[in-house]
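For the single chain, residues carry numbers from 1 onward in sequence order. Counting starts at 1 for both ligands and their atoms, in listed order.
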Amino acid sequence: MKEIIFATKNKGKIKEIQAILGNDYIVKSMEEIGIDIDVVEDGKTFEENAIKKAVEIKNVTNKIVLADDSGLEIDYLNGEPGVYSARYMGEDTPYDVKNAKILEILKDVEEDKRGARFVSVIALAMPGKDPITTKGTIEGIIGYEIKGENGFGYDPIFYIPSLEKTSAELSLEEKNKISHRGKALEEMKKILEKMV
Ligand code: IMP
């Protein structure tokens with residue numbers, strides 16, 4: 001079994017990536033290998049941040065490292081919050097407050113101008129090799145109300161017209177099949193099969 005470090009402190013993400021990569025790989029968190037480094041996410045793109053995280057952790061561990069960066073782009077806000085999704089309106093502001101505020105900003109905006117997408121970029125860093133990234137997106141619109149109990153973050157306002165549901169109304173399995181992160185991870189799995 002090949003060992004891969006996933007540069008996250010989020011246990012949910014480790015489970016998600018292990019489920020997608022399957023039994024040929026063992027995915028470990030930074031905690032599991034005894035590393036506690038906060039990489040500053042100061043890039044202007046998802047790619048820059050994901051590569052920075054993966055490369056910094058690879059340089060410390062000399063192991064194969066994956067890292068991700070993701071966020072929500074809202075067309076009406078010129079792509080914001082984008083790479084600032086976690087920090088938008090303040091890191092400690094609860095998402096029900098952030099989501100209510102976004103609905104308020106968009107309250108008079110017509111449906112065809114409410115376009116939005118979740119974006120995820122996964123970076124692979126390997127000793128002695130240049131980093132490689134994959135990207136996944138899911139298109140939707142900003143809904144008109146907060147709806148759904150599952151997921152996290154902006155899920156309750158991210159409405160997927162083809163499913164007539166917000167992503168917070170999907171089960172974890174349903175979401176993983178179509179999500180930005182799921183798609184980026186599936187692409188990365190193909191690269192890992194060739195490279196690792
Ligand atoms: P991270 O880079 O994966 O930590 O995600 C950054 C931020 O993007 C999160 O804190 C959320 O605000 C937002 N985000 C990313 N993916 C999702 C998602 O699947 N649902 C809801 N919000 C998300």
Which residues share a side chain to side chain donor-acceptor pair (under 3.5 Å) with Lys63, sequence neighbours left out = Glu3
Which residues pass the side chain to side chain donor-acceptor pair (under 3.5 Å) test with Asp38, sequence neighbours left out?
-> Lys9
Decide whether the shortest distance between a heavy atom of [X] and an atom of ligand 1 is less than 4.0 Å.
X      : result
Leu72  : no
Tyr95  : yes
Gly151 : no

Of all the non-hydrogen atoms in the protein, which one sits nearest to [atom], and at what distance?
atom                    : result
atom 20 (N) of ligand 1 : Asp155 OD1, 2.9 Å
atom 19 (O) of ligand 1 : Lys175 NZ, 2.8 Å
atom 17 (C) of ligand 1 : Phe152 CZ, 3.4 Å

Going by the atom numbers of ligand 1, which of them fall below 4.0 Å from some non-hydrogen atom of His180?
-> 16 (N), 17 (C), 18 (C), 19 (O)
Interfacing atoms of ligand 1 (cut-off 4.0 Å, heavy-atom, Lys13) | 1 (P), 3 (O), 4 (O)
Considering only heavy atoms, does Phe158 approach ligand 1 within less than 4.0 Å through its side chain, its backbone, both, or neither?
-> neither
From Ser70, Ser85, Gly71 - option closest to atom 6 (C) of ligand 1 by heavy atom | Ser70
For the pair Lys190 and Glu187, find out whether any cationic side-chain nitrogen is under 4.0 Å from an anionic carboxylate oxygen.
-> yes
Geometric N/O contact Glu41 with ligand 1, under 3.5 angstrom = no
Polar atom proximity, Lys53 to ligand 1 (N or O, under 3.5 Å) = no
